[in-house]
Peer 1: 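I'd like to ask you about the structure that follows.
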Amino acid sequence: VQLQASGGGLVQAGESLRISCAASRGTFSSYFMGWFRQAPGKEREFVAAISRNGGTTDYADSVKGRFTISRDNAAKLVYLQMNDLKPEDTAVYYCGAAGLRVESSKSVRFWGQGTQVTVSS
């Protein structure tokens, strides 16, 4: 499967942003999907994950209550709705597809290119 993330941008603290990841060349519904992020000088970290049918989601503690992951299997899209953004959310955000539950970057089989999210204070 090929993945392409989009929707990043520059926002102010407290604002919202939704980023998307479009899949092609594969059976999207057969993959667990996840979002990760990487800030300058830091390792890539887990943000959120969603099961194949969207019924189960997981979040990093740092984004719980602010971010929501969802998917549209018919459209082959996965979304990350980010509310109440903070400067520490600034990073390049990557989507990933895995054959099993997404628990870490090691779980990911296919990566999309990143989309930059910058939150100003």
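Start at 1 with the first residue, then count along the sequence. Bear in mind that the values here come from a model prediction, so they are computed numbers and not experimental data.
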Peer 1: What residues, two or more places apart in sequence or in another chain, satisfy salt bridge (charged side-chain N to carboxylate O under 4.0 Å, His left out) together with K42?
Peer 2: none
Peer 1: How about W35 and F46: are their ring centroids closer than 6.0 Å?
Peer 2: no
Peer 1: Find out if a path of hydrophobic residues (ILVMFWY) with successive side-chain heavy-atom gaps under 4.5 Å connects I19 to F67.
Peer 2: yes
Peer 1: Shortest non-hydrogen contact from T115 to A5?
Peer 2: CG2-CB, 4.1 Å
Peer 1: Counting only pairs under 3.5 Å, give me each side-chain donor-acceptor contact of residues 80-100, with atom names and distances, residues two or more places apart or in other chains.
Peer 2:
from: Q81; atom 1: NE2; to: N83; atom 2: OD1; distance (Å): 2.9
from: N83; atom 1: OD1; to: S16; atom 2: OG; distance (Å): 2.9
from: D89; atom 1: OD1; to: R37; atom 2: NH1; distance (Å): 2.9
from: D89; atom 1: OD1; to: R66; atom 2: NH2; distance (Å): 3.0
from: D89; atom 1: OD2; to: R66; atom 2: NH1; distance (Å): 2.7
from: D89; atom 1: OD2; to: R66; atom 2: NH2; distance (Å): 3.4
from: D89; atom 1: OD2; to: K86; atom 2: N; distance (Å): 2.8
from: T90; atom 1: OG1; to: P87; atom 2: O; distance (Å): 2.9
from: T90; atom 1: OG1; to: V119; atom 2: N; distance (Å): 2.9
from: T90; atom 1: OG1; to: V119; atom 2: O; distance (Å): 3.4
from: Y93; atom 1: OH; to: R37; atom 2: NH1; distance (Å): 3.0
from: Y93; atom 1: OH; to: D89; atom 2: O; distance (Å): 2.6

Peer 1: Which heavy atom in N53 sits nearest to a heavy atom in N73, and how many Å separate them?
Peer 2: CA-ND2, 4.3 Å
Peer 1: Tell me every residue that passes side chain to side chain donor-acceptor pair (under 3.5 Å) with S29, counting only those two or more places apart in sequence or in another chain.
Peer 2: none
Peer 1: Could you report the tightest heavy-atom contact between I69 and Y59, atom names first, then the distance?
Peer 2: N-OH, 2.9 Å
Peer 1: Strictly by disulfide bond (SG atoms under 2.5 Å apart), give each pair with a member in residues 51-90 just once, sequence neighbours left out.
Peer 2: none
Peer 1: Sub-3.5 Å donor-acceptor pair from the side chain of R25 to the main-chain atoms of Q2, do we have one?
Peer 2: no
Peer 1: Is the backbone of T56 close enough, under 3.5 Å, to the side chain of S51 for a donor and an acceptor to pair up by distance?
Peer 2: yes
Peer 1: Without hydrogens or angle criteria, can the side chains of T118 and Q116 be said to hold a donor-acceptor pair below 3.5 Å?
Peer 2: yes
Peer 1: Same cluster for L3 and Y31 if Ile/Leu/Val/Met/Phe/Trp/Tyr side chains link at under 4.5 Å?
Peer 2: yes
Peer 1: Under the side chain to side chain donor-acceptor pair (under 3.5 Å) rule, collect the residues that match up with K106, sequence neighbours excluded.
Peer 2: none
Peer 1: Which other residues end up in the same hydrophobic cluster as L77, if Ile, Leu, Val, Met, Phe, Trp and Tyr are linked when side-chain heavy atoms come under 4.5 Å apart?
Peer 2: Y79
